[in-house]
Student: 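After the structure tokens below, expect a handful of questions from me.
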Number of protein chains: 2
Amino acid sequence: MSNKPTESELEVLKVLWTKGPSTVREVNDLLNESREVGYTTTLKIMQIMAQKGFVSRDESSRTHVYSAAVQEGDIKNALVDRLMETAFSGSASQLVMQALGRGNASKEELQRIKELIKRLEGGES
Amino acid sequence: MSNKPTESELEVLKVLWTKGPSTVREVNDLLNESREVGYTTTLKIMQIMAQKGFVSRDESSRTHVYSAAVQEGDIKNALVDRLMETAFSGSASQLVMQALGRGNASKEELQRIKELIKRLEGGES
DNA sequence: ATTTATTTACGAATCTTTTCGTAGAATGTT
DNA sequence: AACATTCTACGAAAAGATTCGTAAATAAAT
């Protein structure tokens with residue numbers, strides 16, 4: 001749980017976060033919509049994730065049901081922290097500037113960011 | 001060049017970006033200030049990077065001098081894009097909100113971000 | 001000139017992650 | 001019942017990244 005998930009593990013987590021508790025078959029089918037993955041490959045990854053504590057599973061029926069055991073926000077925080085650390089010398093604003101500079105934030109998104117900044121500044125004007 | 005640098009490769013690039021063209025010895029010495037790395041390890045990584053096109057090198061003297069062959073901004077863009085894609089479903093604002101939510105942005109940094117947003121808002125329409 | 005140090009090149013050991021083949025158990029189908 | 005399908009478990013192959021040992025060449029030191 002302390003460690004960060006790998007690429008593949010993150011893919012699985014994203015499925016579990018959005019679809020909720022799922023079987024290997026369900027996760028694998030969804031993954032195969034974007035890229036080709038063997039069933040046992042997905043199974044193996046999810047077994048490893050269970051071992052690492054990223055997911056928990058219900059083994060009461062033959063077909064196990066997996067659930068995310070880590071919070072979406074926690075993992076994303078960790079990923080952002082890591083990128084901030086490794087590439088942006090720990091500076092949040094550098095990362096933010098780089099991200100905004102990509103240019104694919106809509107007016108509404110910019111508005112929401114401005115509101116967040118206001119809140120962070122203390123709520124004045 | 002098309003691919004993304006690994007962790008270690010990024011470390012080397014950061015050195016070359018900030019210190020400019022450097023020898024393996026210089027890079028390795030700097031890396032060893034934060035963690036222990038063998039000289040030949042750093043050498044090998046930089047050789048691989050040369051092969052991948054991440055760095056170029058001047059072999060005119062026995063001690064080769066390496067220079068970054070990729071732009072700092074380009075790589076950081078790619079890293080941000082990748083995180084945005086893999087973890088935030090391609091949404092810049094989600095990534096930004098998460099980063100700002102970490103709480104380690106100073107008033108001055110927030111100010112600079114606000115100015116960037118103003119520029120982004122004013123630039124179009 | 002001989003020895004010592006530094007550097008590159010090469011290859012291999014190690015480690016992590018990803019992938020998949022195979023076997024055996026459980027379930028479903030005919 | 002016999003056969004086919006689905007699932008888990010296990011192990012190992014394949015691929016990528018990291019680490020380092022060793023040898024050969026060059027340079028520096030004595």
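Nothing here was measured: the structure is a model prediction, and the numbers come from that model. In what follows, chains are A, B, ... by sequence order, proteins preceding strands, each numbered from 1.
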Student: According to the side chain to side chain donor-acceptor pair (under 3.5 Å) rule, which pairs have a member within residues 40-50 of chain B, sequence neighbours left out?
Tutor: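 Found B/Asn28-B/Thr42.
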Student: A/Asp81: which residues meet the side chain to side chain contact (heavy atoms under 4.5 Å, CB included) condition with it, sequence neighbours left out?
Tutor: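 In terms of side chain to side chain contact (heavy atoms under 4.5 Å, CB included), with neighbours along the sequence ignored, A/Asp81 is linked to A/Met84, B/Arg102.
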Student: Write down the distance between CG (A/Leu43) and C1' (D/dT6), rounded to a whole number of angstrom.
Tutor: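 Rounded to the whole Å, the gap is 12 Å.
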Student: Could I get the full list of salt bridge (Lys or Arg N to Asp or Glu O under 4.0 Å) partners for B/Glu7, not counting sequence neighbours?
Tutor: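 Once residues adjacent in sequence are excluded, the partners of B/Glu7 under the salt bridge (Lys or Arg N to Asp or Glu O under 4.0 Å) criterion are A/Arg82.
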Student: Using a cut-off of under 3.5 Å, enumerate the N/O to N/O pairs linking the protein to nucleotides 19-23 of chain C.
Tutor:
unit_1	atom_1	unit_2	atom_2	d
C/dT19	OP1	A/Arg35	NH1	3.3
C/dC20	OP2	A/Gly38	N	3.4
C/dC20	OP2	A/Thr41	OG1	3.3

Student: Who are the salt bridge (Lys or Arg N to Asp or Glu O under 4.0 Å) partners of B/Glu9, not counting sequence neighbours?
Tutor: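 Partners of B/Glu9 under the salt bridge (Lys or Arg N to Asp or Glu O under 4.0 Å) test: B/Lys52.
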Student: Between C1' on C/dT16 and CD on A/Gln51, what's the gap in Å once rounded to a whole number?
Tutor: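 Whole-Å distance recorded here is 14 Å.
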Student: If you apply the rule side-chain contact (heavy atoms from CB on, under 4.5 Å), what do you find for A/Trp17 with A/Ile75, and how did you get there?
Tutor: CA-CA 11 Å; A/Trp17 284 331; A/Ile75 295 297; 3.7 Å; yes
Student: Can you name the salt bridge (Lys or Arg N to Asp or Glu O under 4.0 Å) partners of A/Glu72, sequence neighbours left out?
Tutor: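 Only A/Lys76 meet the salt bridge (Lys or Arg N to Asp or Glu O under 4.0 Å) criterion with A/Glu72.
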Student: Can you tell me the distance, in whole Å, between the CE atom of B/Met46 and the C1' atom of C/dT7?
Tutor: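 B/Met46 atom CE is separated from C/dT7 atom C1' by 13 Å.
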Student: Find every protein N or O atom lying less than 3.5 Å from an N or O atom of nucleotides 26-30 of chain D, and list the pairs.
Tutor:
unit_1	atom_1	unit_2	atom_2	d
D/dT26	O2	B/Arg62	NH1	3.4
D/dT26	O2	B/Arg62	NH2	3.2

Student: What is the separation between atom OH on A/Tyr66 and atom P on D/dT8, rounded to the nearest whole Å?
Tutor: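 Interatomic distance, OH of A/Tyr66 to P of D/dT8: 6 Å.
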Student: Mind calculating the distance between CE (A/Met49) and C1' (C/dT18) to the nearest angstrom?
Tutor: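 Nearest whole value for this atom pair: 14 Å.
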Student: Ignoring hydrogens, what is the shortest heavy-atom contact between B/Ser67 and B/Leu16? Give both atom names and the distance.
Tutor: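 In terms of heavy atoms, the two residues are closest at C-CD1, 3.9 Å.
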Student: What residues form a side chain to side chain donor-acceptor pair (under 3.5 Å) with B/Asp29, not counting sequence neighbours?
Tutor: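 Once residues adjacent in sequence are excluded, B/Asp29 has no partner under the side chain to side chain donor-acceptor pair (under 3.5 Å) criterion.
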Student: Measuring only between side-chain heavy atoms, which start at C-beta, is A/Arg25 closer than 4.5 Å to A/Thr63?
Tutor: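 Side chain of A/Arg25 against side chain of A/Thr63, heavy atoms only: no contact under 4.5 Å found.
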Student: Starting at CD1 of B/Ile117, measure out to CD1 of A/Ile117 and round the result to the nearest 0.5 Å.
Tutor: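 Here the rounded value is 4.0 Å.
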Student: What is the distance from CD of A/Glu7 to P of D/dG16, rounded to the nearest Å?
Tutor: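 Atom CD in A/Glu7 sits about 14 Å away from atom P in D/dG16.
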Student: C/dT7 P sits how many Å from B/Arg57 CZ, rounded?
Tutor: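 Checked: the CZ to P distance equals 15 Å.
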Student: Is any side-chain N or O of B/Gln47 closer than 4.0 Å to OP1 or OP2 of C/dA9?
Tutor: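 Yes.
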Student: Contact list please: residues 16-32 of chain A against DNA chain C, heavy atoms, distance less than 4.0 Å, in numerical order.
Tutor: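 Contacting residues: none.
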Student: May I have the list of side-chain donor-acceptor pairs in residues 87-98 of chain A shorter than 3.5 Å, sequence neighbours left out?
Tutor:
unit_1	atom_1	unit_2	atom_2	d
A/Ser91	OG	A/Ser93	OG	3.4
A/Ser91	OG	A/Gln94	N	3.0
A/Ser91	OG	B/Glu109	OE2	3.3
A/Ser93	OG	B/Glu109	OE2	2.9
A/Gln98	NE2	B/Gly73	O	3.3
A/Gln98	NE2	B/Asn77	OD1	2.7

Student: Roughly what angle, to 10°, lies between the helix axis at the start of the helix from C/dA1-D/dT30 to C/dT30-D/dA1 and the one at its end, five pairs per end?
Tutor: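 Both end axes considered, the difference amounts to 10°.
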Student: Nearest 0.5 Å, what's the OH-CG distance between B/Tyr39 and B/Asn32?
Tutor: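 It comes to 12.0 Å.
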Student: Taking only residues at least two apart or on different chains, which pairs with a member in residues 56-68 of chain B satisfy salt bridge (charged side-chain N to carboxylate O under 4.0 Å, His left out)?
Tutor: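 Residue pairs passing salt bridge (charged side-chain N to carboxylate O under 4.0 Å, His left out), neighbours aside: B/Arg57-B/Glu59.
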